[in-house]
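Input: a single structure, listed below in C-alpha cells.
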Amino acid sequence: MKILILGAGKMGSFFIDLLSFEHETAVYETDAKRMRFTYNCQRFTSLDEIKEFNPDLVINAVTVKYTIPAFKEVLPYLSAECIISDISSVKTHLKDFYEQTGRRFVSTHPMFGPTFANLNQLQEENAIIISEGDYMGRIFFKDLYQRLGLQIYEYTFEEHDKTVAYSLSIPFVSTFVFTAVMKHQDAPGTTFKRHMSIAKGVLNEDDYLLQEILFNPFTHDQVSQIRGELKELLEIIDNKDEVGMKNYLTKIREHLKADL
C-alpha cells in the first residue's frame with residue numbers, strides 16, 4: 001500500500017517508522033527541517049509530489065489545530081479512491097468534515113503520546129477506532145494496533161468525545177489546579193515530585209490541544225463533578241469529621257478497585 005503521512009512531528013515520525021518497512025511510505029511536511037531524521041520514506045515539500053505519489057491512504061498526523069486545514073490543502077491532489085484518516089485526540093468538527101467531503105475515511109485515536117508513553121512498549125496502552133469510518137480503513141488500523149499489542153475499542157464519534165472528556169479532561173483539570181496552587185519546595189516528597197513530573201508533561205502539550213479537550217461539549221459535567229467532590233472534602237476537613245473522612249477514603253478506594 002502507498003501511504004502518505006501528513007506532518008513529521010513526533011507522532012508522524014512514529015507512524016513513518018512503524019509503516020515504512022511494509023509499505024511504500026511518504027511524508028509531507030512544509031518545514032523541511034523537521035524531516036531531517038526521517039528515513040526509509042519519500043519526503044515531500046510540494047503538493048505536486050503528492051499527486052505524483054498517488055497514495056492509497058493518507059494519515060493526518062499534524063497538530064490538532066491544523067488537522068482539517070491540512071486535509072483541505074491536500075484533498076485536490078488525491079485520487080477519489082484514496083482513504084483519508086486522522087489520529088486526532090480531538091474529533092470536534094471531524095464528523096461533519098468527513099461527511100462533506102464524501103470520501104472514504106477512517107478516524108482513530110491512539111490514546112498514548114510521546115509525552116508519557118514508551119513508544120517501544122505499548123502493551124498497556126489503548127486505541128479507539130471510530131465505528132463510522134470505512135470498513136477497509138478500520139480493518140487496516142485494527143490490524144496495525146493489534147500488532148502493537150494495544151487494547152482496541154470501537155466507538156462512534158460521540159462516544160469517543162464522551163470518553164475523552166472523562167479520560168483527559170479530569171486529569172488535565174486536576175493538573176491545572178495542582179500547578180496553580182503549588183509552591184516551590186526545597187525538599188519535595190516523592191508524591192509531590194511525581195505530580196510535578198505529570199504537570200510538566202501535560203503543560204508541554206500544545207495549547208490548542210489542551211483548549212479543545214477542555215472545550216469538548218462533554219467536559220463541563222466532568223469538571224462539575226470535581227467541584228462537587230472538592231466541596232464535600234472541604235466540609236470534612238473544616239469539620240475535622242473523622243467518620244466522614246474514613247467513609248470518603250473508603251469510597252474512593254472502592255473506585256480504584258473497580259478500575260483495576
Side-chain angles (χ1 to χ4, degrees), residues 1-89 94 97-98 101 103-123 125 127-130 133-134 136-150 152 205-206 209:
M1 182 183 288
K2 298 175 76 172
I3 300 175
L4 173 68
I5 295 168
L6 304 181
K10 291 179 180 178
M11 287 304 288
S13 297
F14 170 73
F15 275 90
I16 293 169
D17 294 345
L18 190 62
L19 297 168
S20 61
F21 288 97
E22 295 182 12
H23 302 275
E24 188 177 349
T25 309
V27 57
Y28 173 67
E29 172 61 67
T30 54
D31 183 359
K33 290 182 180 179
R34 301 189 76 185
M35 296 190 288
R36 286 178 297 177
F37 303 109
T38 59
Y39 63 97
N40 202 39
C41 69
Q42 298 183 55
R43 309 176 196 183
F44 300 155
T45 56
S46 74
L47 295 168
D48 288 334
E49 290 174 297
I50 293 175
K51 186 174 183 178
E52 185 177 348
F53 181 63
N54 192 25
D56 303 301
L57 171 68
V58 170
I59 301 176
N60 192 334
V62 304
T63 57
V64 171
K65 185 175 184 178
Y66 299 108
T67 301
I68 291 178
F71 271 140
K72 289 181 177 179
E73 182 182 20
V74 303
L75 279 178
Y77 300 86
L78 304 176
S79 69
E81 294 76 27
C82 180
I83 301 174
I84 57 175
S85 71
D86 75 274
I87 56 169
S88 176
S89 56
L94 276 170
F97 171 78
Y98 283 132
T101 67
R103 284 179 169 271
R104 298 168 65 194
F105 75 89
V106 58
S107 184
T108 75
H109 179 186
M111 297 187 71
F112 56 86
T115 300
F116 295 116
N118 181 348
L119 298 182
N120 295 313
Q121 282 187 313
L122 297 172
Q123 288 78 9
E125 304 293 345
I128 294 173
I129 298 176
I130 301 300
D134 177 80
M136 293 306 297
R138 299 200 322 266
I139 292 297
F140 173 84
F141 278 98
K142 187 173 184 179
D143 177 67
L144 179 65
Y145 292 153
Q146 281 178 335
R147 286 191 281 120
L148 290 173
L150 298 172
I152 302 170
E205 296 285 1
D206 177 74
L209 170 64

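Positions are given from 1 along the sequence. All values below come from the heavy atoms of this structure, side chains included, with hydrogens, waters and symmetry mates left out.
Once rounded to the nearest 0.5 Å, the distance linking CD1 of Ile130 with CG of Asp86 reads 8.0 Å. For the atom pair CG (Asp206) and NZ (Lys65), the distance works out to 8.0 Å, reported to the nearest 0.5 Å. The distance from atom CD of Glu22 to atom CG of Leu144, rounded to the nearest 0.5 Å, is 8.5 Å. Here CG of Leu94 is found 7.0 Å from CZ of Phe71. Values are rounded to the nearest 0.5 Å. To the nearest 0.5 Å, the span separating NE2 on His109 from OH on Tyr145 amounts to 9.0 Å. Going from atom CD1 of Ile5 over to atom CE of Met11 covers 10.5 Å, rounded to the nearest 0.5 Å.
At least one donor-acceptor pair under 3.5 Å links the side chain of Arg43 to the backbone N or O of Thr38. Judged by distance alone, the side chain of Ser13 and the main-chain N or O of Ala8 form a donor-acceptor pair under 3.5 Å. With hydrogens and angles disregarded, a donor-acceptor distance shorter than 3.5 Å links the side chain of Asp56 to the backbone of Lys2. Under the 3.5 Å distance criterion, the side-chain polar atoms of Ser85 are matched with a main-chain donor or acceptor of Val58. Between the Asn60 side chain and the Thr67 main chain, a donor and an acceptor come within less than 3.5 Å of each other. For Arg36 (side chain) and Lys33 (main-chain N/O), a donor-acceptor pair under 3.5 Å exists by modelled atom type.
Closest heavy-atom contact between Leu78 and Arg103: O-NH2, 3.2 Å. Of all heavy-atom pairs spanning Val64 and Ser89, the tightest one is CG2-OG, 4.3 Å. Heavy atoms only, all atoms of each residue included: Ile50 and Pro55 are closest at O-CD, 3.7 Å. The two residues Gly12 and Ala61 make their nearest non-hydrogen contact at CA-CB, 3.7 Å. What you find for Leu57 and Cys82 is that their closest heavy atoms are N-SG, 4.0 Å.
Side-chain contact check for Ile68 versus Lys72: some heavy-atom pair is nearer than 4.5 Å. Between Pro110 and Phe15, the closest side-chain pair of non-hydrogen atoms falls below 4.5 Å. Counting heavy atoms from C-beta on, the side chains of Tyr28 and Glu49 never come closer than 4.5 Å. When side chains are defined from C-beta on, Asp134 does not count as touching Tyr98, because their heavy atoms never get closer than 4.5 Å. Residues Met35 and Thr45 meet the side-chain proximity criterion, which asks for heavy atoms closer than 4.5 Å. At a threshold of 4.5 Å between non-hydrogen side-chain atoms, the residues Tyr39 and Asp17 count as touching. Residues Val74 and Leu47 have side chains in contact (heavy-atom distance under 4.5 Å, counting atoms from C-beta outward).
Heavy atoms from other residues, nucleotides or ligands lying under 6.0 Å from CD of Gln146 number more than 12. Within a 6.0 Å sphere centred on CE of Met1, heavy atoms belonging to other residues, nucleotides or ligands number more than 12.
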Can you check side chain to side chain contact (heavy atoms under 4.5 Å, CB included) on Phe140 and Val106, steps first, answer last? CA-CA 9 Å; Phe140 173 84; Val106 58; over 6 Å; no

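Below 30°, between 30° and 60°, or above 60°: for Phe53 and Phe44 the angle between ring planes is above 60°, a perpendicular geometry. Ring planes of Phe14 and Phe112: perpendicular class, angle over 60° (limits at 30 and 60°).
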